[in-house]
Amino acid sequence: GPVTALVPAAGRGVRLGADEPKAFVPIGGTPMLTLAVNGLVAAAVVDEIIVMVPAEHVDRTAALLPPDAPVRIVVGGAERTDSVRAGLAAAGDTAFFLVHDAARALTPPALIARVVDELRAGHPAVVPALPVVDTVKTVDSGGKVTGTPDRGALRAIQTPQGFAAGALHAAYADAGSATDDAGLVERLGVEVRTVAGDPLAFKITTPLDLRLAESLLTARPA
Ligand code: CTP
Ligand code: MG
């Protein structure tokens with residue numbers, strides 16, 4: 001069945017601190033949203049793409065997307081969850097969804113294909129995962145350390161996250177909020193499978209991340 005990609009691109013980019021929303025900030029001259037959509041197209045496993053952008057940026061968005069690609073533009077919401085919900089509401093019948101942050105602009109197409117392969121193999125929820133390199137601690141509101149989870153059991157989770165269409169619709173039918181889509185699906189008791197992530201799928205969040213992305217793109221073969 002068909003694969004629909006939902007691309008949340010409606011964030012403000014507060015931590016990046018640029019003078020426009022993050023998805024519209026260029027890397028090597030090309031906006032992050034354009035790079036992210038190009039990656040989805042290059043993976044050649046996606047049938048339809050829906051991008052969610054801030055209301056006041058809808059008009060300029062079409063010109064940033066490949067003219068021949070099956071892309072639709074919808075208005076996002078106040079939180080990422082609201083943006084994904086808006087994309088979901090605009091989607092037609094599909095077998096699978098990918099939810100993929102525009103801010104992961106350098107995601108290799110091979111990772112996107114890997115997630116879809118696992119969906120097609122019958123897994124209802126698939127997320128890219130990387131080992132955590134730092135020790136992670138829990139702290140209380142005063143900053144006192146309350147625990148040190150075993151790092152070997154921790155993973156950093158990326159996008160694209162893939163879902164059987166029914167699972168994502170069911171997850172978003174509830175009013176909950178989470179920092180990723182799999183978090184909502186987990187609450188339904190759906191098993192979430194990890195696949196190997198890729199360091200290049202990092203989320204461009206801070207000015208340091210942007211500098212890293214710039215230098216990677218300069219070094220990348222066309
Ligand atoms: N996003 C969205 N709608 C929102 C918030 C976030 O579509 N209301 C998108 C962002 O555009 C981004 C992705 O979700 O592609 C991941 O979010 P994040 O990295 O937090 O981006 P921002 O929210 O823009 O950044 P910040 O939190 O620093 O403001
Ligand atoms: Mg944010």
Side-chain angles (χ1 to χ4, degrees), residues 4-28 30-41 43 46 48-62 64-65 69 71-91 97-109 111-112 115 127-130 156-163 168 171-172 175-185 197-214 216-217:
T4 299
L6 308 177
V7 182
R12 295 289 148 188
V14 172
R15 288 168 290 180
L16 188 60
D19 51 15
E20 58 188 338
K22 190 162 71 177
F24 297 85
V25 172
I27 304 171
T30 305
M32 287 190 211
L33 176 59
T34 306
L35 291 166
V37 169
N38 287 351
L40 285 164
V41 172
V46 174
E48 190 189 18
I49 302 171
I50 300 175
V51 302
M52 295 81 82
V53 300
E56 67 277 24
H57 293 275
V58 166
D59 290 348
R60 64 187 280 213
T61 299
L64 303 179
L65 302 172
V71 190
R72 284 195 290 144
I73 302 159
V74 308
V75 177
E79 303 292 337
R80 186 183 180 282
T81 311
D82 304 315
S83 295
V84 174
R85 189 176 276 111
L88 207 46
F97 284 106
L98 294 179
V99 187
H100 186 42
D101 294 330
R104 298 183 190 270
L106 303 189
T107 300
L111 174 58
I112 298 165
V115 171
V127 299
L130 287 177
I157 301 300
Q158 304 178 314
T159 76
Q161 299 190 350
F163 305 96
L168 193 64
Y172 274 88
S177 185
T179 55
D180 76 344
D181 305 286
L184 295 176
V185 170
D198 191 307
L200 288 173
F202 72 104
K203 188 161 68 70
I204 298 161
T205 305
T206 64
L208 178 63
D209 297 327
L210 184 60
R211 288 178 61 173
L212 175 61
E214 293 267 7
L216 288 166
L217 201 58

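Each ligand, and each atom within it, is numbered from 1 in the order the structure gives. Here the structure is a predicted model, which is why all the values come from computation and not from measurement.
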Inset, instruction - Compare every heavy atom of Leu33 with every heavy atom of Ala9, then report the nearest pair and how far apart it is. - result: CB-CD1, 3.9 Å
Legend entry - Pro21 and ligand 1 - part of the residue with a heavy-atom distance under 4.0 Å: neither
Inset, instruction - Distance to 0.1 Å, residue and atom name: give those for the protein heavy atom nearest to atom 3 (N) of ligand 1. - result: Ser83 OG, 2.7 Å
Inset, instruction - Distance to 0.1 Å, residue and atom name: give those for the protein heavy atom nearest to atom 29 (O) of ligand 1. - result: Val14 N, 2.7 Å
Legend entry - Minimum-distance pair of heavy atoms, taken over all atoms of Val58 and Val75: CG2-CG2, 3.7 Å
Inset, instruction - Compare every heavy atom of His57 with every heavy atom of Phe24, then report the nearest pair and how far apart it is. - result: CZ-CB, 3.6 Å
Inset, instruction - Any atoms of ligand 1 less than 4.0 Å from a non-hydrogen atom of Arg12? List them with their elements. - result: 24 (O)
Legend entry - Non-hydrogen side-chain atoms of Leu216 and Phe202 separated by less than 4.5 Å: yes
Inset, instruction - Please indicate whether any nitrogen or oxygen in Met52 is less than 3.5 Å from any nitrogen or oxygen in ligand 1. - result: no
Legend entry - Best match, Val53, Asp180, Leu6, Asp101: closest heavy atom to atom 16 (C) of ligand 1: Asp101
Legend entry - Non-hydrogen atom of Gly13 closer than 4.0 Å to ligand 1: yes
Inset, instruction - List every atom of ligand 1 that sits less than 4.0 Å from any heavy atom of Glu79, numbering the atoms from 1 in the order shown and giving each element. - result: 4 (C), 8 (N)
Inset, instruction - Using a strict cut-off of 4.0 Å, indicate which atoms of ligand 1 neighbour a heavy atom of Ala102. - result: 15 (O)
Legend entry - Contact summary for Val115 and Pro128, nearest pair of heavy atoms: CG2-CG, 4.1 Å
Legend entry - Over 12 foreign heavy atoms within 6.0 Å of CD, Glu20: yes
Legend entry - Backbone or side-chain N or O of Ile204 under 3.5 Å from ligand 1 N or O: no
Legend entry - Whether Thr34 side chain and Leu65 backbone form a donor-acceptor pair below 3.5 Å: no
Legend entry - Nearest-contact summary for atom 1 (N) of ligand 1 - protein heavy atom, Å: Gly11 N, 3.4 Å
Inset, instruction - Output the list of atoms in ligand 1 that are nearer than 4.0 Å to some heavy atom of Ala78, sorted by atom number. - result: 8 (N)
Legend entry - Test log, rule side-chain contact (heavy atoms from CB on, under 4.5 Å), inputs Ile112 and Leu40: CA-CA 7 Å; Ile112 298 165; Leu40 285 164; 4.0 Å; yes
Legend entry - Any Ala23 heavy atom less than 4.0 Å to ligand 1: no
Legend entry - Taking atom 12 (C) of ligand 1 as the reference point, the nearest protein heavy atom with its distance: Pro8 O, 3.7 Å
Legend entry - Closest heavy-atom pair and its distance - Ala178, Thr81: O-OG1, 3.7 Å
Legend entry - For atom 27 (O) of ligand 1, closest protein heavy-atom neighbour: Arg15 NH2, 2.9 Å
Legend entry - Positive for side chain to side chain donor-acceptor pair (under 3.5 Å) with Asp101, one of Gln161, Lys203, Arg80: Arg80
Inset, instruction - Report the member of Arg80, Lys22, Met32 with the shortest heavy-atom distance to atom 18 (P) of ligand 1. - result: Lys22
Inset, instruction - Before signing off on this row, confirm whether Leu16 and ligand 1 have an N or O atom pair separated by under 3.5 Å. - result: no
Inset, instruction - Would you kindly specify which portion of Arg104 sits under 4.0 Å from ligand 1, judged on non-hydrogen atoms: side chain, backbone, both or neither? - result: neither
